[in-house]
Amino acid sequence: MKSVLFVNHTGQKGGAELFLVDLINHAPTNWAACFLSPGPAVDSISKDHECFVLPAESDLLSIKRESSFLLQFLALFSLIKLSWNLSRVCSKYDVICANSQKSLFVAGLASFFSRKPLVWILHDIITDPAFSRLNRKAIIAFTYLFCSKVLANSQASKEAFIASGGQEKKAGIIYNGFYVGEEEEDRALTKTLCPGKVATVGLFSRISHWKGQHVLLAALSQLKDVNAIIVGAPLFGEEAYAEELRDMVDKLQLNDRVQFLGFRNDVKELMKSVDIVVHTSIAAEPFGRVVVEGMISGTPVVATKGGGVTEIIREGETGILVPPNEPDALASAIQTLLNNPDLYGRLSRNGLQEARDTYSINNTLHSFQNVLDTLEN
Ligand code: UDP
């Protein structure tokens, strides 16, 4: 069994990091993780696996699209130094796997220095305007030069990679994998609506404008007898947006109906406790872990159309899809679901079945193992 060193630039618990934690914790013990900055994800890797932080200089981690040319130039030195240090660790492993975009650059050079094959797991739709032209060109160049394989987290992410000039022959797909226990199956069989009870919907995403928490607030203002929990924190500096959301709650007089719970580690339990899981991203989601997690919880999901979500949900069968950034459509989908117990039960059962069949952690491990078998050392 080949040994693998996964490299990730942040230790914050975003979707890509949770993918990595789930993958490694269910993998052979010769798979290890290296984070380039500390954070709670580091402590979530099981003690059976090697896991360490190789800290990147702050000039490298803070590089942004709008950073000056001088800053980007200076960060190059930090990049080369860090890659060299990483390459010395890499000699112990058969394969290096970069799990984030920033880590692609570090792991790319490290794979060159150590002569180890590199796999990149692509968690983004790189045609999104959040990626500058220069950034996209650098990504594509690194994949040409250093990657043996690029595994996208959805068809949408893969297509965007190829549309940006990425090599089709290197591109594959690896879906996020989830552990599904027996109790989830029982839950789906029994999940029903309580007539007369005030319904609660749950939104589970980091607080960020593109995750669209404001769309849910606007939809709630059109619904009677529906409360909401908003779960998540501004992980990558979106505190101003979090403030805007609180102002919006005041303005729409939703104080009694909306609760902000901050970042939680018990998303699974919270999803089971609500009547509907909503997903409100206003831009195409590269994958959408929360959509699959909602399905696994047995709670029906209403989600925004686009990107990976459209691949996950079969409209009207395993969930309901609504157009992005349209509070009216979201409000109407929530109301339809609450008024229709048959539809509610069907989505609950089918959603879980689909998630179990397609997004099990074993399927993901198996796909990754198959890719490892094709690599030559
Ligand atoms: N999540 C969490 N606690 C929170 C909010 C979100 O653990 O308070 C998790 C959520 O369960 C999901 C991940 O964060 O596994 C978000 O992944 P997704 O693919 O939905 O979005 P991303 O953050 O990758 O854009």
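Every number for a ligand or one of its atoms is a count from 1 in the order of the listing. Values below: every heavy atom of this structure, side chains too, minus hydrogens, waters and symmetry copies.
Sorted by first and then second residue, the salt bridge (charged side-chain N to carboxylate O under 4.0 Å, His left out) pairs involving residues 145-161 (not counting sequence neighbours) form an empty list.
Aromatic ring orientation, Tyr179 versus His26: parallel (interplanar angle below 30°, classes split at 30° and 60°).
Summarising the geometry of Ala98 relative to Ala107, their closest heavy-atom pair is CB-CB, 3.9 Å, with the distance given to 0.1 Å.
By the 4.5 Å heavy-atom criterion applied to side chains, Asp328 and Gln222 are counted as neighbours.
The residue from Thr280, Leu220, Ile320 that alone fulfils the side-chain contact (heavy atoms from CB on, under 4.5 Å) condition with Leu330 is Thr280.
Protein residues lining ligand 1, listed by chain and number: Gly15, Leu18, Arg206, Lys211, Val231, Gly232, Gly262, Phe263, Arg264, Val267, Glu285, Gly288, Arg289, Val290, Glu293 [non-hydrogen atoms, distance under 4.0 Å].
A cation-pi geometry, defined here as NZ or CZ lying under 6.0 Å from the six-membered ring centre and within 45° of its normal, does not hold between Arg206 and Phe263.
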